[in-house]
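This report refers to the structure that appears directly beneath it.
We use all heavy atoms of the structure for the numbers below, so side chains are in, but hydrogens, waters and symmetry mates are not. This one's a predicted model, so the numbers in the text were calculated from it and none came from an experiment. Labels below follow one simple rule: chain letters A, B, ... track the order of the sequence lines, proteins then strands, and each chain is numbered from 1.
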Amino acid sequence: MAHWLFKSEPATWSWHQQLSKGVPEEWHGVRNYAARNNMRLMQLGEEGFFYHSVQEKQIMGIVRVVALAHPDSTADNPTWECVDIEAVCPLPRPVTLVAIKREERLRDMVLINNSRLSVQPVTDGQWALICEMGGL
DNA sequence: GCCAACGTTGGC
DNA sequence: GCCAACGTTGGC
């Protein structure tokens with residue numbers, strides 16, 4: 001199964017909110033074709049990292065896809081789709097952007113090479129390494 | 001607060 | 001269909 005990374009500004013929607021919500025939540029608001037296309041590729045049960053951009057710049061936890069891509073309820077155009085996700089668990093030790101940049105084996109991460117893409121693929125190797133760095 | 005990178009828009 | 005102008009994102 002593929003792995004992913006979801007970026008959010010914590011001031012807009014934080015990991016804490018996702019975690020305390022407890023129920024699936026639409027990952028709405030994406031208005032970028034590349035990010036939308038990544039969500040269309042997602043399968044039920046696939047997992048992704050939840051990353052805090054801007055203020056914190058670190059991976060906070062893991063989420064799971066619980067609904068396939070469907071029209072974004074906040075969009076006026078049905079071309080914009082999103083998946084639903086729920087929190088799985090926090091990383092015991094959040095993995096910072098600094099730590100990711102310092103790790104040679106993560107130099108090909110999309111997070112580093114295309115930091116603006118809000119929904120990104122993560123390779124199996126990157127996934128395993130970051131889980132380890134995060135104390136899982 | 002600045003600026004680089006990127007995506008989108010719109011004139012031609 | 002190209003490309004300049006513009007707006008937004010996000011790291012620093």
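- Distance Trp13(A) CH2 to dT9(C) C1': 21 Å, rounded to the nearest Å.
- Taking atom NE2 of His52(A) as the reference point, atom P of dG11(C) lies 12 Å away to the nearest angstrom.
- Using modelled atom types and a 3.5 Å distance limit, the side chains of Trp4(A) and Gln120(A) yield no donor-acceptor pair.
- Arg31(A) places its CZ atom 12 Å from the P atom of dT9(C), with the value rounded to the nearest Å.
- Ranking dG10(C), dC12(C), dC6(B) by closeness to the Asn114(A) side chain, first place goes to dC6(B).
- Looking at Asp72(A) and Thr74(A), their side chains do bring a donor and an acceptor atom within 3.5 Å of each other.
- In this structure, Trp127(A) has its ring center closer than 6.0 angstrom to the ring center of Phe49(A).
- The nearest whole Å value for the distance from the CD atom in Gln120(A) to the P atom in dC6(B) is 13 Å.
- Look at CG on Leu97(A): it is 18 Å from P on dT9(C), rounded to the nearest Å.
- Put simply, CD1 on Ile112(A) is 15 Å from P on dG10(C), counting in whole angstrom units.
- Side-chain proximity of Arg116(A) to dG7(B), dG11(C), dT8(C): nearest is dT8(C).
- Spacing between atom CD of Gln58(A) and atom C1' of dG11(C) amounts to 15 Å, rounded to whole angstrom units.
- The nucleotide whose nearest atom lies closest to any side-chain atom of Tyr51(A) is, among dG11(C), dC6(B), dT8(B), dG11(C).
- If you check every strand for non-hydrogen atoms under 4.0 Å, Leu117(A) touches nothing.
- Proximity of a side-chain donor or acceptor of Arg40(A) to a complementary backbone N or O of His70(A) within less than 3.5 Å is not detected.
- For Lys7(A), taking side-chain heavy atoms from C-beta onward, the closest of the listed nucleotides dG10(C), dG11(C), dT8(B) is dG10(C).
- dA4(B) atom C1' lies 15 Å from atom CG of Asn113(A), rounded to whole Å.
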